[in-house]
Chemist: 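Here it is, the structure in full.
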There are 2 protein chains.
Amino acid sequence: MSLLDASLIADVPPFYGIEREKLIALLSMAGSERYEKDRTIFSQGEEAHSFFLLLDGHIRVVRVTPDGDQVIARYISSGEIFGIAHAMGLENYPANAVAAVDCVVLSWSGSLWKTITEKYPTFATNTYKTVGARLQDTQDRVVELATERVEQRVATAILKLANQTGRKTEEGILIDFPISRQDISEMTGTTLHTVSRLLSAWENAGLVKSGRKKITLIEGHKLALIAAGDHNK
Amino acid sequence: MSLLDASLIADVPPFYGIEREKLIALLSMAGSERYEKDRTIFSQGEEAHSFFLLLDGHIRVVRVTPDGDQVIARYISSGEIFGIAHAMGLENYPANAVAAVDCVVLSWSGSLWKTITEKYPTFATNTYKTVGARLQDTQDRVVELATERVEQRVATAILKLANQTGRKTEEGILIDFPISRQDISEMTGTTLHTVSRLLSAWENAGLVKSGRKKITLIEGHKLALIAAGDHNK
DNA sequence: CGAAGCCTTGATGCGCCTCAACGTACGTGG
DNA sequence: CCACGTACGTTGAGGCGCATCAAGGCTTCG
């Protein structure tokens, strides 16, 4: 805990505009932990004991239905807060959070929520903006699921991932964490089979290059056309 | 404006737990307006000049896609706040709001948002809870759209409407505002044809009774089975 | 080196959209 | 108040997008 330095979070969106001194105070209340790949940070239904900031890594937020289907709500990238049930007046986490790669996570006890938001209104504002942005984002997905075909949704998902977490390589933009066909299907409401077929077709057309749990975006513009519903063929 | 009385909003969720005196102050900052059926309160993309409280009526919140498809984001019932782009740090409304019946609406200028939330933290907390609840709700719809069949989604939508706004009649629970097959289809990501067929089938089975822009729920329990994905037949 | 996890590709079928045509209730103006 | 036009609802026929079922290849890891 004493290893934490204010510079760790100074340049991270939720803490923009907060004085260095206050950052140190905030950090002194936080715990830090490393989560290896595939480890669960919190589970759906569990009492919301803490809220979190992802310092490094990628986290997958997943909802599970009563009959076992999984739906990926979102991926969290480093610098984002998550598990903020407290900000929404929830007493339990509404989804699972799982490390998609090895992660470093800061956490604050939920009992500090009230104090922190009162004492650091900038942080509160930033957080509510985040919640708002996620609501927007989720609404967009509803519209997509309701109006677009699978092909478009998968294309959109890949473009979004590439923008959010893409790493430039010599071949193109590589999605920076292991992601399977099944993962993509759980983001887009389809099956791994359909995703596999689409990726194969796109690979033949030179739009992407993909392998086991790995996707590289080559021709973003062309994929964007598909996402927009181009019926070119 | 001077006709407004504190009792108007004292028993309305966003204002729970605020002293009468403060309520009067809040009301003195608000404008009130009547919107006849089908009139637009605000439009998607428009600059967010105000935020609103629905005193009486029902409001439909609709997103429109670039190619003209409509998706109903939610219905607002009396006592709810809406158009709270400010709470989420948005500068523009993300959807259209249209009066589903004649409505009475209070509005506050967006420029008051900061002052009001600072001065009345209870109101702020209540509002953020609302945003959180809507995020939850929207996530649920994503899961539904991604995993359930049309039949289940339509059943769920009707049950939800009946619970939210149902009025007990001698026949059953009547959804308290005019709602077309098309409206239901825009809530559930299907077509009016499919909704029509489903309602016909359910009417024959005695689960609902429906007419022009009118739906009455008769056998809620049986419809709930369908919503849950019962494959009885 | 074997086993488990991930990916691919074909065959088949069905849920639901699409297209089409017609019936029915509403409200508006003559 | 009745006649007409428009909006809403119903129902059928046909077809396609995608899930489902099935089988096999490849990669990674213990």
Side-chain angles (χ1 to χ4, degrees), chain A residues 36-38 65 67-71 98 100-101 144-155 157-158 175 177-205 208-216 226 229-231 233, chain B residues 36-38 60 67-71 98 100-101 144-155 157-158 175 177-205 208-216 226 229-231 233:
Chain A
E36 64 271 29
K37 186 170 181 309
D38 292 333
T65 67
D67 38 64
D69 287 326
Q70 308 218 130
V71 176
V98 181
V101 295
E144 258 184 56
L145 284 162
T147 64
E148 297 181 359
R149 279 169 309 106
V150 166
E151 187 190 23
Q152 300 176 250
R153 304 203 301 267
V154 173
I158 288 173
I175 294 174
F177 52 86
I179 185 161
S180 68
R181 309 295 188 254
Q182 172 105 31
D183 290 333
I184 304 266
S185 74
E186 288 173 0
M187 296 178 70
T188 52
T190 179
T191 62
L192 71 148
H193 308 278
T194 297
V195 173
S196 180
R197 282 182 238 271
L198 287 171
L199 286 177
S200 294
W202 293 341
E203 179 138 15
N204 287 335
V208 303
K209 201 157 177 314
S210 78
R212 190 192 178 81
K213 292 205 161 206
K214 192 165 76 78
I215 300 176
T216 306
I226 293 175
D230 228 21
H231 288 291
K233 259 276 176 62
Chain B
E36 63 270 31
K37 185 168 180 308
D38 292 332
R60 188 173 44 233
D67 37 64
D69 287 327
Q70 308 218 131
V71 176
V98 181
V101 295
E144 260 184 56
L145 283 162
T147 64
E148 298 181 358
R149 280 170 306 107
V150 167
E151 186 190 24
Q152 300 175 250
R153 305 203 301 266
V154 173
I158 289 173
I175 293 175
F177 53 84
I179 186 161
S180 69
R181 309 294 188 255
Q182 171 107 29
D183 291 332
I184 304 263
S185 75
E186 288 173 1
M187 297 178 70
T188 52
T190 179
T191 61
L192 71 149
H193 307 277
T194 299
V195 173
S196 179
R197 282 182 239 271
L198 287 172
L199 286 177
S200 294
W202 292 341
E203 180 139 15
N204 287 334
V208 304
K209 201 157 177 310
S210 78
R212 191 190 176 81
K213 292 206 161 206
K214 192 164 77 76
I215 300 176
T216 306
I226 293 175
D230 227 20
H231 289 291
K233 257 287 174 54

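In what follows, every heavy atom counts, from backbone to side chain, and hydrogens, waters and symmetry copies are set aside. Letters A, B, ... are given to chains in the order of the sequence lines, protein chains preceding strands, and every chain is numbered from 1.
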Chemist: With heavy-atom distances below 4.5 Å as the criterion, would you say the side chains of A:Leu199 and A:Ile158 are in contact?
Modeler: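 Yes, side chains in contact.
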
Chemist: Looking only at heavy atoms, what is the nearest atom pair of B:Ala146 and A:Val71, with distance?
Modeler: CB-CG2, 4.2 Å

Chemist: In whole angstrom, what separates A:Glu203's CD from C:dC7's P?
Modeler: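 So the CD-P distance, A:Glu203 to C:dC7, works out to 12 Å.
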
Chemist: Using side-chain heavy atoms (C-beta onward) and a distance below 4.5 Å, is B:Leu198 in contact with B:Val150?
Modeler: yes

Chemist: Measure CH2/B:Trp202 against C1'/D:dT11 and give the value in whole Å, please.
Modeler: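 Computing the B:Trp202:CH2 to D:dT11:C1' distance gives 17 Å.
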
Chemist: With a non-hydrogen cut-off below 4.0 angstrom, is B:Ser196 in contact with a base, only sugar-phosphate, or nothing?
Modeler: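 Here B:Ser196 touches the bases of the nucleic acid.
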
Chemist: C:dC17, D:dA22, C:dG15: which one has an atom nearest the side-chain heavy atoms of B:Thr194?
Modeler: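 The listed nucleotide nearest to B:Thr194's side chain is C:dC17.
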
Chemist: Less than 4.5 Å apart, any side-chain heavy atom of B:Ile184 and any of B:Ile215?
Modeler: yes

Chemist: Keeping B:Glu186 on the side-chain end and B:Asp183 on the backbone end, is there a donor-acceptor pair under 3.5 Å?
Modeler: no

Chemist: As a test of reading the structure: which of D:dA19, D:dT20, D:dT10 is closest to the side chain of A:Arg197, going by heavy atoms?
Modeler: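 Looking only at heavy atoms from C-beta outward on A:Arg197, the closest nucleotide is D:dT20.
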
Chemist: Is any N or O donor-acceptor pair between the side chain of B:His193 and the base of C:dT18 shorter than 3.5 Å?
Modeler: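 When only heavy-atom distances are counted, B:His193 does not reach the base of C:dT18 through any donor-acceptor pair under 3.5 Å.
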
Chemist: Using whole Å, report how far CG of B:Asp38 lies from P of C:dG27.
Modeler: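 Atom CG in B:Asp38 sits about 12 Å away from atom P in C:dG27.
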
Chemist: Please state how far atom CG in A:Leu198 lies from atom P in D:dC18, giving the value in whole angstrom units.
Modeler: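 Spelled out: CG on A:Leu198 to P on D:dC18 is 8 Å.
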
Chemist: Could you tell me whether the side chain of B:Pro178 reaches within less than 4.5 Å of the side chain of B:Val101, counting heavy atoms only?
Modeler: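 Heavy-atom side-chain distance check passes, below 4.5 Å.
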
Chemist: Taking the side chain of A:Lys213 as its heavy atoms from C-beta onward, which of D:dT20, C:dC7, D:dA19 lies nearest to it?
Modeler: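 Of all the options, the side chain of A:Lys213 is nearest to C:dC7.
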
Chemist: Send over the distance from A:Leu199 CG to C:dC6 P, rounded to a whole Å.
Modeler: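 Roughly 16 Å, once rounded to whole Å.
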
Chemist: With a 4.0 Å heavy-atom cut-off, tell me which residues in residues 177-187 of chain B come close to DNA chain D, sorted by residue number.
Modeler: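 Heavy-atom cutoff 4.0 Å gives B:Ser180, B:Arg181.
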
Chemist: Is B:Arg212 side chain donor-acceptor paired with the D:dT6 base, going by distance under 3.5 Å alone?
Modeler: no

Chemist: Between atom CZ in B:Arg153 and atom C1' in C:dC16, what is the gap in whole Å?
Modeler: 10 Å

Chemist: Tell me the interatomic distance from A:Asn204, atom CG, to C:dT9, atom C1', rounded to whole angstroms.
Modeler: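 Atom CG in A:Asn204 sits about 12 Å away from atom C1' in C:dT9.
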
Chemist: Does C:dC7 have OP1 or OP2 under 4.0 Å away from a side-chain N or O of A:Ser200?
Modeler: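 So the side chain of A:Ser200 is outside the cut-off, no N or O lying under 4.0 Å from OP1 or OP2 of C:dC7.
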
Chemist: Round to the nearest Å and state the distance from A:Leu192 atom CG to D:dA19 atom P.
Modeler: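 Result: 10 Å.
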
Chemist: Measure from the side chain of B:Thr191, starting at C-beta and using heavy atoms only, and say which of D:dC18, D:dG12, C:dC17 lies closest.
Modeler: C:dC17

Chemist: Please give me the minimum heavy-atom distance between A:Lys37 and A:Ala100, naming the atom from each residue.
Modeler: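 That closest heavy-atom pairing would be CG-O, 3.7 Å.
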
